[in-house]
There are 2 protein chains.
Amino acid sequence: MAEITPQRPRTRIQRRNIGTILEAALEVFSAQGFRGATLDQIAQAAGLSKPNLLYYFPSKEAIHVELLSGLLDDWLAPLRAMDPAGEPKAEIMAYMHRKLEMSREMPRESRLFANEILQGAPRMSALLGSELKELVDEKAAVIRAWSEAGRIAPVDPHHLIFSIWALTQHYADFDVQVRAVLGPGRDPLDEAGQFLDTLFERLLAP
Amino acid sequence: MAEITPQRPRTRIQRRNIGTILEAALEVFSAQGFRGATLDQIAQAAGLSKPNLLYYFPSKEAIHVELLSGLLDDWLAPLRAMDPAGEPKAEIMAYMHRKLEMSREMPRESRLFANEILQGAPRMSALLGSELKELVDEKAAVIRAWSEAGRIAPVDPHHLIFSIWALTQHYADFDVQVRAVLGPGRDPLDEAGQFLDTLFERLLAP
DNA sequence: TCTTTTTCTGACCGTATGGTCAGGTTGAGG
DNA sequence: CCTCAACCTGACCATACGGTCAGAAAAAGA
């Protein structure tokens with residue numbers, strides 16, 4: 001009975017199976033939520049047996065936590081990339097577009113986070129108050145400086161960031177609603193790109 | 001064994017208990033999601049026994065459906081109230097503020113809907129494509145007319161409505177995240193009111 | 001090839017959960 | 001006060017689910 005620990009380097013098989021499991025878990029957790037997902041569903045989606053899942057991860061919860069913590073960096077990367085030395089409006093617009101692109105390319109990750117936050121972030125609240133808050137505060141200071149220098153219109157930096165999150169993630173998290181309202185034959189994400197361009201253009205114009 | 005049907009008028013006790021159950025179910029479903037909520041939790045929150053719940057509702061699912069369909073009208077009321085004969089910007093601003101007020105006063109309802117939509121709206125997709133779409137299309141036409149008459153800046157009406165939903169509901173659905181980032185001693189909803197005023201002011205100014 | 005370690009599985013277990021039922025209790029109308 | 005329908009409950013059931021375990025199968029190493 002060998003524990004799979006980060007101590008000794010992972011074998012080829014371990015890398016492959018752990019990857020497969022996390023991919024399957026993302027699929028199932030994002031669609032069903034933590035409580036709604038079952039190990040059998042994940043096992044089936046991964047093409048592995050249930051005991052085999054639990055050979056690689058000690059519990060259902062451990063899979064979920066691994067997914068969340070592994071994703072947080074990807075999730076915050078676009079904000080990290082916002083350059084204090086860049087042109088203010090261009091930097092903010094680029095951030096918004098990168099987030100919108102993630103709603104198109106990574107809707108499952110978006111929904112996974114949304115599910116977690118909706119339930120009160122029981123497995124993430126620590127990270128929210130530390131890592132996330134620090135990054136946001138840092139970037140908010142940058143935006144505030146831009147704002148005070150008159151390079152963008154005056155605006156609350158924290159709520160500006162919230163608005164980017166809300167407006168971009170909405171197209172991933174509420175996809176069914178958006179599509180139901182728009183009807184077939186329209187590309188919500190394309191239109192959103194145009195609309196949000198206009199919105200932030202007008203909001204930020206000095 | 002009497003069925004509780006809408007046929008014969010409800011007794012006093014029925015009205016009271018059905019109300020209590022729906023209130024408790026809203027509390028539990030909105031915090032845990034459908035799958036995460038248990039009948040025992042709802043029964044305890046309602047101060048009733050589990051079999052007694054099932055005396056008034058045939059199943060857990062029935063309680064959930066009743067909640068959702070009963071809530072849809074309240075949810076759409078602010079949009080319905082948008083008056084084509086009113087002053088365009090004021091009407092839109094008023095709608096936004098009413099929605100924001102609902103995020104403050106009815107966060108559980110907001111999260112209940114968010115949960116449902118996130119899971120792909122398995123119990124609501126019919127309503128989304130009919131009742132919701134029709135109302136939104138109707139109001140979108142009004143907004144488009146305002147826009148074409150030059151009374152507000154040109155803007156895609158459907159995405160304008162989406163943006164109001166996204167920006168206001170974000171403060172209810174992602175409450176923990178918003179509070180974690182802002183830190184203690186700030187009132188997110190108050191600040192949001194200011195910020196969104198500015199945002200839509202600049203977006204809509206002709 | 002032989003040995004050791006890693007990988008994998010069928011069978012099984014305890015608990016939680018949605019739901020049922022026979023029968024008791026309470027309230028309303030006469 | 002009596003009767004009948006409405007209301008309520010403890011005990012119970014079947015299933016789903018997370019997790020365990022003894023040992024087989026497959027890789028890796030010598």
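Just so it is clear, the model here is predicted, and its values are computed rather than measured. In the text below, chain A, chain B and the rest are named by the order of the sequence lines, each starting its count at 1.
Between A/Arg16 atom CZ and C/dT6 atom P the separation is 17 Å, expressed in whole Å. The distance between atom CZ of A/Phe57 and atom P of C/dT7, rounded to the nearest whole Å, is 13 Å. Put simply, CG on A/Leu48 is 12 Å from P on C/dG10, counting in whole angstrom units.
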Readout for nucleotides 14-23 of chain D: B = base within 4.0 Å of protein heavy atom, S = sugar-phosphate only, - = neither; 5' to 3' it is ---SBBBB--
Can you give one letter per nucleotide of nucleotides 25-30 of chain D, 5' to 3': B if a protein heavy atom sits under 4.0 Å from the base, S if only from the sugar-phosphate, - if neither?
---S--
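Of the side-chain N and O atoms in A/Gln14, one or more sit less than 4.0 angstrom from OP1 or OP2 of C/dT7. Note on A/Ser49: a side-chain N or O is less than 4.0 Å away from OP1 or OP2 of C/dT9. Between B/Tyr55 and D/dC7 there is a side-chain polar atom (N or O) within less than 4.0 angstrom of OP1 or OP2. The phosphate of C/dC8 has OP1 or OP2 within less than 4.0 Å of a side-chain N or O from A/Asn17.
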Starting at the 5' end of DNA chain D, what dot-bracket string do you get if Watson-Crick and G-U pairs under 3.5 Å are bracketed, crossing pairs use [ ], other-strand pairs use | and unpaired bases use dots?
||||||||||||||||||||||||||||||
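Between B/Asp190 and B/Arg104 there is a salt bridge, since at least one side-chain N of the basic residue sits less than 4.0 Å from a carboxylate O of the acidic one.
Aromatic ring orientation, B/Phe29 versus B/His64: perpendicular (interplanar angle above 60°, classes split at 30° and 60°).
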